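Keep in mind that what you see is a predicted model, and the values were worked out from it rather than measured.
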Amino acid sequence: MAAVEISEPKVHKKLVKFQALDGKNVEVQAVYEDSLSSGSSVGTVVAFHGSPGSHKDFKFIRQKLDDVGIRFIGINYPGFKQTEGYPNQQHSNDERQKYTDAFLKDFPIPGKVIFLAHSRGCENALITSTNFPATGLVLLNPVGFRPHKSISPLSRLQRVEWIYNMLPKFLADAMIYQMYVSFGLKVQDGEESINALRSVIRCGLDTTLPYVKKLQTQDTKKFIIFAGRDIIVEEEIVFESLKEYKDMEHFDYEKEIPLTDYSKILETFDSGKGASVFVKQDTHFQNKSRADLVTEVIKKIFGFEENGKNKL
């Protein structure tokens, strides 16, 4: 991928109030990116990061959206060094969704909306697409519907969390931080690391299937891209999950996606509900490596035309 000059993100704060799973009322100053707070005549992309992660994970895509006037909003879940965490935070889909719904409630997002997500964020983007009117759903490196290699066996990660809870915090933070660094994952400290661990332990997996079925009843365009060299999830797990998505055309590639094939992929949004793409030599970070294709898909779903006229 050629070097791209990335502009600084436009970061904002918003008070978000919601009820946690323990019944306590929570208030957090949500830190989020909003590239065009005045709105876009083309559409708005709302992005959900992985664990660990932040709005910065989509900077290559966001830069390309800036170039065509598409608004980008990057949600930051509490506890990942942008939006502060809160006591007894559970990191489950149910609680994350309470935060998501509260964040989006009364938020001025007129017109077409696409929910975009990477890795762990795909589950909440899926759920959100069934709660809010969604023009499109774009999933990058999704985790599937059964335990994948990064969390198997689940008991191993649960033991790590138990040990963390038993140790003095300074020792626990040092332990979990070193574990995440050894995996090659970018974390700033032990607090972010344990929050990432807790959120992947509490992945919804097969409990998200009802949302897929509900999505199938909607006129929502879908795009899924995944990789063969993903350090988080096996390709066969994502292939299994694709069986639950209907009316999507599939494309397989070894390493490169010819530019001439872009039009074939984009045409699926005219005849059906979208496409899935597998690239065998890609890694877990297609949010960077496939930013070009993802941007073209977003433009297609929005009906964006280079001559400046948009389909309604």
Pair [X]-[Y], side-chain donor/acceptor within less than 3.5 Å:
X      : Y      : answer
Tyr262 : Asp292 : no
Arg120 : Asn141 : no
Glu161 : Asn165 : no
Tyr77  : Thr100 : yes
Ser54  : His49  : no
Ser38  : Arg71  : no
Asp57  : Asn287 : no

Side-chain donor or acceptor of [X] paired with backbone N/O of [Y] under 3.5 Å:
X      : Y      : answer
Thr220 : Ala134 : yes
Lys273 : Gln216 : yes
Thr135 : Val113 : yes
Arg229 : Gln281 : yes
Glu95  : Gln90  : yes
Gln82  : Asn76  : no
Lys112 : Phe302 : yes

What's the spacing between [X] [atom1] and [Y] [atom2] if we round to 0.5 Å?
X      : Y      : atom1 : atom2 : value
Ile61  : Ile70  : CD1   : CD1   : 11.5 Å
Lys10  : Ile73  : NZ    : CD1   : 12.5 Å
Lys221 : Ile298 : NZ    : CD1   : 15.5 Å
Ser193 : Met179 : OG    : CE    : 7.5 Å
Asn124 : Tyr99  : CG    : OH    : 11.5 Å
Tyr180 : Met175 : OH    : CE    : 11.0 Å

Response to the item:
Per side chain to side chain contact (heavy atoms under 4.5 Å, CB included), Leu65 is matched among Val45, Leu116, Val294 by Val45
Is the distance between the ring centroids of [X] and [Y] less than 6.0 Å?
X     : Y      : answer
Phe18 : Phe103 : no
Phe72 : His55  : no
Tyr32 : Phe107 : yes

Between [X] and [Y], which heavy-atom pair has the shortest distance, and what is it?
X      : Y      : value
Phe48  : Phe58  : O-CZ, 3.3 Å
Leu21  : Ser92  : CD1-OG, 3.2 Å
Phe251 : Ala275 : CE1-CB, 4.0 Å

Worksheet item: Do Phe239 and His250 have side chains that get closer than 4.5 Å, going by heavy atoms?
Response: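 Yes. Closest side-chain heavy atoms under 4.5 Å.
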Should [X] and [Y] count as an ion pair when the cut-off is N to O under 4.0 Å?
X      : Y      : result
Asp66  : Arg62  : yes
Glu296 : Lys299 : yes
Lys149 : Asp230 : no
Lys300 : Asp270 : yes

Worksheet item: Applying the 4.5 Å side-chain criterion to the ILVMFWY set and letting contacts propagate, would Val233 and Leu242 be lumped into a single cluster?
Response: yes
Fill in: Cluster link Tyr253 to Val297, ILVMFWY, side chain under 4.5 Å
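Cluster IDs for Tyr253 and Val297 match.
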Fill in: Phe269 CZ: over 12 foreign heavy atoms closer than 6.0 Å
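More than 12 within 6.0 Å, yes.
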